[in-house]
Amino acid sequence: MKKTISVLGLGYVGLPTALLLADAENKVDGFDIDKEKINKLKRKKLPFSERGLGKLFAKVIKKKTFTPSSTLQLADVFIIAVPTPQINKRADLKYVFKALDLIRDVFKSGDTIIIESTVGPRDCTDRIIPYISKWGQMFQFAHCPERAIPGNTLFEMINNQRIVGSENRKTALAVKKLYSSFVKGKINISNTTIAASAKIMENTYRSVNIALANEFAQIAHDLNFNIWKSIELANKHPRVHIHQPGPGVGGHCIPIDPWFFVGDGNGASLIEAALEKNISMSKYIASKLKKNIKMLGITKPVIGVLGYSYKKNVDDFRETPAEPLIKLLEKKFSVLTSDPKVNSAKRKMLPLREVLFKSTVIVLITDHSEYKKIKFAKHPNIKLVYDTRNLFTQNNFEDSSAKHLVL
Ligand code: SAJ
């Protein structure tokens, strides 16, 4: 008989995971503390958009293999996919412990608990396993860090390689079997510490390389050369892969996970410097904007921020670098924000047309495809365009006298 699975946390990771498992004929309950989200799912509506998710949801509704619920049900396997924010340079496990407390009420001896949330390298062995051990029941435990990128989550959840970390080989093999019901990529087996550190290293690699690209962009500005062209040419080298500079990093992973190596004084000074470099990009952009506004003599500037989500073509604005930049700009200027994808942010999003008509300065933070169509000649009110993603081309500026500034 197939096992019943409960997924705790129906966010960008938990919901697609639950639906993929349900599509693979497992019986899946989806639990979330957010009752509004559960009600929405019961009304057959998705709480966020992600490529292919609507189709998959419709499929499992037909199959009746997925049930959203705001009370945690009995199950054989519990998959925890709740947020693990950063606190004092370590993973804040408060939501993981809350989920475990709920599981305890329905737990049967021998059940399996899987953590998908990103945790520190030794968090499973030193904090989570001891917490469950206190229940005095037999349990199986594994850490399977998620590795899918928002915007292409389903494809990556199915096709990427996975790591199943467990201190017990039999558990690891059973969990591998469960995941192989929907994962086509290779499923590797290791222990929980190696699984957790591999995940953190992946995102640290990206964080440090983005910081390097950001530093290159600042050097390029001082030495007056085109950073984008220079990176393009450097990347022709077979062993070089320089990342893209930008307004800083967002999302729930790259700006957070590397801190889990920095905590507890691990001497990870390069990683910490990279995190700080990426954070400092908003200050850098704000000061460059101020300088140029002054240079161009723009009085009472109205700054239109294009893009609020943390990266292109997604509606996810967790840890978006747009927010700290807007806060800095608002201290001195009037700021209007627009994003065609985002509608649930506390910050008011205006239609693009309105922002283009009312602004004298534009700063592009997120390179959504929609922005490629903008013709600045239609908006003579705009005197300065600061493109932090190198999205705009000559095409956008045909017959326009606006100054085009790139990062
Ligand atoms: N960014 C740059 N320059 C670049 C690449 C990205 O400034 O060259 C910025 C983006 O604009 C964004 C941020 O970095 O603000 C992060 O975006 P991303 O696309 O690099 O990564 P995420 O956070 O959407 O997803 C990452 C992925 N990790 C890796 O690629 C190593 C994904 O596979 C992970 O599953 C995910 O983190 C996670 O959940 O850990």
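Just follow the structure's listing: the first ligand is 1, and inside any ligand the first atom is 1. Along the sequence shown, residues are numbered consecutively beginning with 1.
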Identify, for atom 34 (C) of ligand 1, the protein heavy atom at the shortest distance, and state residue, atom and that distance. Ala148 O, 3.8 Å

Identify, for atom 38 (C) of ligand 1, the protein heavy atom at the shortest distance, and state residue, atom and that distance. Cys253 SG, 2.5 Å

Could you tell me whether ligand 1 has any atom less than 4.0 Å away from a heavy atom of Thr118? no

For Arg389, is the nearest heavy atom under 4.0 Å from an atom of ligand 1? yes

Which residue, Thr192, Thr125, Thr193, forms the side chain to side chain donor-acceptor pair (under 3.5 Å) with Glu167? Thr192

Could you go through residues 396-406 and list every donor-acceptor pair under 3.5 Å that involves a side-chain atom there, pairing it with any protein atom two or more places apart or in another chain?
{"from": "Asn396", "atom 1": "OD1", "to": "Thr393", "atom 2": "N", "distance (Å)": "2.7"}
{"from": "Asn396", "atom 1": "ND2", "to": "Lys372", "atom 2": "O", "distance (Å)": "2.8"}
{"from": "Asn396", "atom 1": "ND2", "to": "Ile374", "atom 2": "O", "distance (Å)": "2.9"}
{"from": "Ser400", "atom 1": "OG", "to": "Ala402", "atom 2": "N", "distance (Å)": "3.1"}
{"from": "Lys403", "atom 1": "NZ", "to": "Asn292", "atom 2": "OD1", "distance (Å)": "2.7"}

Does any N or O atom in Tyr310 lie less than 3.5 angstrom from one in ligand 1, N or O only? yes

Looking just at side-chain N and O atoms, do Gln140 and Asn168 make a donor-acceptor pair shorter than 3.5 Å? no

Nearest-contact summary for atom 9 (C) of ligand 1 - protein heavy atom, Å: Val249 CG1, 3.9 Å

Is Gly250 in polar range of ligand 1, meaning some N or O pair under 3.5 Å apart? yes

Residue selection (non-hydrogen contact nearest atom 5 (C) of ligand 1) among Arg206, Lys311, Lys312, Glu319: Arg206

Could you check atom 3 (N) of ligand 1 against the protein and tell me its nearest heavy-atom contact, residue, atom and distance included? Gln244 O, 2.7 Å

Measuring from the heavy atoms of Asp257, does anything fall under 4.0 Å of ligand 1? yes

One residue to check: Ile210. Relative to ligand 1, which of side chain, backbone, both or neither has a non-hydrogen atom less than 4.0 Å away? side chain

Hydrogens and angles aside, do Ser69 and Asp29 bring a side-chain donor and acceptor to less than 3.5 Å of each other? no

From the options His143, Glu202, Lys199, Glu146, select the one residue that forms a side chain to side chain donor-acceptor pair (under 3.5 Å) with Thr118. Lys199

Look at the side chain of Ser309 and the backbone N and O of Asp315, then say whether any donor-acceptor pair between them is shorter than 3.5 Å. no

Applying ring pair (Phe, Tyr, Trp, His ring centres under 6.0 Å), which residue pairs with at least one partner in residues 36-77 are found, sequence neighbours left out? Tyr12-Phe48

Verify the neighbour count for atom CZ of Phe97: are there more than 12 heavy atoms of other residues, nucleotides or ligands below 6.0 Å? yes

Which one of Arg147, Glu116, His252 has a non-hydrogen atom at the shortest distance from atom 33 (O) of ligand 1? Arg147

